[in-house]
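What follows is one structure encoded as C-alpha cells, with my remarks underneath.
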Amino acid sequence: KIEKVSTNPKNKPKAIVEKFYYPKSQKTEQNQEQKQEKPPEPIDDQDFHLKVKFNKTTITDPSNDLNYQLNRTLGEGTFGKVYKTTCLETKDILAIKVIKSEQRYVDSARLEIKVLEKINQLDVRNRFHCIELMDHFECLGHPCLIFPILGKSTYDFQKTNDYRPFKFSQIRVMSFQLLQAVNFLHKTCKLTHTDLKPENILFIDDSYDEITSPNSGKTLKLVRRCDIKLIDFGSATFEYEQKTKIVATRHYRPPEVILELGWSYPLDIWSIGCIIFEWYMGLCMFQTHSNIEHLAMMEKILGIFPDRIIERSRRAYKFFKERDSSDLQSSLSAQELCNNNPSNDKHHSNYQVDFNFNSSEAKYVRENCRPLYQDNQMKSDYEHRNMFHLIRVMLDYDAKRRITCEEALSHRFFKLLEKDRPYIRSSAEIKKTARTLGETNLETESITKPQNKTNQQTLADFIKQETANRLQQKFSQ
C-alpha cells in the first residue's frame, strides 16, 4: 500500500513523500528467514577440545574408511583428551587420543607420532613395554592417535587405593619393566622420554583382589597383574635434536635441569628413582612447587651438593650460599649428609642451599623430608636394602656418575627375577594356599614357575614353599 502525503499546506509547490507499508505476512516471512540463517555451531569448545556427545559423536579415519564412536572419557591432559572408542566396522574396543586443535598442540602431536612410528619400527614384536601406535589421522583439525586400551595408571591405582604402596615383589617387576622400556629408548631409539612419572605408566590389566588389612581393618586393593606400558611420548627428544632448557614434571625433575647444566639420558634415570620410591612409600618424594624448596628437599633427603656441581652452574647464585662454621651445627650435620650421599666423595661442601629450614614456609620440608635410608620399612631385610641402594645411585646429583639403565638392569635388586613370565594365581588358588599356611589375609603374589625340569617338586608345592618364604619378607602395610 502506497500513501501520498502533502508536506505543504499553503498552496506552495507540493513535495510528495512516499511511505511504504509492507503487508504483515511478508514481514513475518523475512524475520523467519533471518532466524534460520544462524552461523554453524562451533565443533570445538573454548579450550580447543573437540565437542563430544558420548555414543553419538563419530570420528572418521579418511584413509581407511573406519569410523570410531566415542563412548566415554578415559583421561585428560593439557594436550587433549583420551576416549574409549568402538570401531564401528571391526567392533574393536580401543583408546583414541584426540589432540586439541590449537596449533602448538597439533605440532607437538606430529612430533609424538614421529617418535611412536620409530618405536614401532624398532620394536616389531612389542617386547619393550612401550605403548603401540595402531593408527593415526587428522579429523576436523584434531590429530587423532589410536592405541590399544589399557588399565589405570600406577598413580590412579594408588589414588583409588588410598595412596597405599604396592607389594614389594610387584615393585621389583614394575621397576624392571620400566627400566627395560627406558633402556630401549636410550640405547636403540636414541631417545630421552623427559616426562617419566607414575601417571605415564599404565597397567596392561588393572583388575585386582580386595583383602582386609589385619592391622587397620581397611579393605585394600591388590593388583593381580603388574605388567606395565610406558605412554605419552609427546615430550620425547632424540639425542640429535635441539633441547629445551626446562623439561620433566616438577616432582621428577633432576638438579641438572634446575641448575641449567644441560641434560641427556640420565634425566630419565633420576625420574625412575623418584617413581620407585613413590611406588614403595605411596607418596611423592619431592612434593614441591618452587626451585629453591625443591633443592632444599634434595639436600635434606640426599645430602649436600658437591662443589663441582654448584660451580658449574651459572644459576647457582640464585639457590646456594657459602657455608659458614655456624651452619655446620644445623639439624643435618655435615657428617650425616656425607654418609647419606655417596656422590660427594665424603668431603665437606663449601656451599649449602639458601633456604631457611626454620621458617614457617619450610614446615612441610621439616616435617616430611628426612634422609633417604630412614624410609626403609625393613632395614634388616637384604632385598629392601638392595632397592634403596638402587634408588640412591639413581639419584646421584652428578648426571655423569648416575647409574645407566643397562647397569641398573644388572643390579642385585633384580637377581630374584626369573626369565619366565610370572605365574599369576587366581583368587581361588590364593585362598586355598592361605588356608594351607594358616594365613587368612594373604596378599596376591606373582609366583614364577620353576625352570629346572628335573625338579620333582610340583607346582602346588612350589607355590606353598615360595609363599612361605615370602611371608617372612612381607611388606608391612
Side-chain angles (χ1 to χ4, degrees), residues 248 250-263 266-267 269-274 276-278 281 283-376 379 385 387-403:
R250 159 72 69 190
H251 311 319
Y252 311 94
R253 186 177 296 164
E256 63 264 25
V257 175
I258 299 173
L259 298 175
E260 294 185 6
L261 295 172
W263 55 266
L267 177 150
I269 301 296
W270 177 280
S271 301
I272 294 173
C274 297
I276 296 174
F277 178 88
E278 192 165 333
M281 292 296 295
L283 53 89
C284 182
M285 181 182 283
F286 301 112
Q287 187 67 43
T288 180
H289 299 285
S290 73
N291 286 330
I292 189 69
E293 186 184 48
H294 197 172
L295 293 169
M297 286 181 171
M298 291 180 189
E299 187 176 83
K300 187 133 187 196
I301 295 171
L302 303 172
I304 54 178
F305 283 81
D307 292 351
R308 65 180 181 276
I309 301 297
I310 299 169
E311 290 168 356
R312 277 169 42 206
S313 172
R314 294 180 180 178
R315 286 169 55 87
Y317 70 93
K318 294 184 177 181
F319 309 118
F320 293 92
K321 64 179 181 180
E322 289 191 3
R323 187 186 297 273
D324 55 41
S325 57
S326 62
D327 292 325
L328 297 178
Q329 305 302 322
S330 63
S331 59
L332 289 178
S333 67
Q335 185 60 41
E336 180 187 0
L337 292 171
C338 288
N339 291 338
N340 193 40
N341 184 6
S343 69
N344 62 15
D345 298 326
K346 306 293 183 183
H347 68 76
H348 162 59
S349 173
N350 293 316
Y351 304 95
Q352 68 178 44
V353 179
D354 191 6
F355 185 78
N356 184 2
F357 287 94
N358 298 317
S359 65
S360 58
E361 292 82 5
K363 182 179 178 182
Y364 181 87
V365 180
R366 285 196 309 271
E367 294 179 353
N368 296 278
C369 298
R370 56 183 180 176
L372 177 64
Y373 289 109
Q374 290 186 21
D375 285 314
N376 187 343
K379 296 180 178 64
R385 292 201 304 270
M387 189 192 74
F388 270 85
H389 179 268
L390 175 63
I391 293 174
R392 189 61 197 85
V393 294
M394 286 179 166
L395 300 180
D396 195 315
Y397 290 139
D398 192 338
K400 294 179 181 177
R401 294 173 49 157
R402 202 171 294 156
I403 193 172

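- N376 pairs by the side-chain hydrogen bond (donor to acceptor under 3.5 Å, both in side chains) definition with nothing, not counting sequence neighbours.
- Using modelled atom types, one side-chain atom of Y397 and one backbone atom of M298 make a donor-acceptor pair closer than 3.5 Å.
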Could you tabulate the donor-acceptor pairs under 3.5 Å formed by side-chain atoms of residues 251-260, not counting sequence neighbours?
unit_1, atom_1, unit_2, atom_2, d
H251, ND1, F286, O, 3.1
H251, ND1, T288, O, 3.3
Y252, OH, E278, OE1, 2.7
Y252, OH, E278, OE2, 3.4
R253, NE, V247, O, 3.1
R253, NE, A248, O, 3.2
R253, NH2, A248, O, 2.8
E256, OE1, R402, NH2, 2.9
E256, OE2, R402, NH1, 2.9

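- Qualifying side-chain contact (heavy atoms from CB on, under 4.5 Å) partners for I292, counting only residues two or more places apart in sequence or in other chains: S290, F319, V353, F355.
- Not one N or O on the side chain of D354 forms a donor-acceptor pair closer than 3.5 Å with the backbone of K321.
- Y351 has its side chain within reach of E322: a pair of non-hydrogen atoms, C-beta onward, lies under 4.5 Å apart.
- Atoms CD1 and OH, on I391 and Y373 in that order, are 9.0 Å from each other to the nearest 0.5 Å.
- Distance check: S360 OG to R366 CZ gives 8.0 Å after rounding to the nearest 0.5 Å.
- Heavy-atom contacts from other residues, nucleotides or ligands closer than 6.0 Å to NZ of K379 number more than 12.
- In this structure, CG in L390 is found 9.0 Å from CD1 in I269, a value given to the nearest 0.5 Å.
- Closest non-hydrogen pair, I301 versus C369, comes out as CG1-CB, 4.0 Å.
- Summarising the geometry, atom CZ belonging to R392 is positioned 12.0 Å from atom CD1 belonging to I403; distances are rounded to the nearest 0.5 Å.
- Here the OG-CD1 distance, from S271 to I276, works out to 11.0 Å after rounding to the nearest 0.5 Å.
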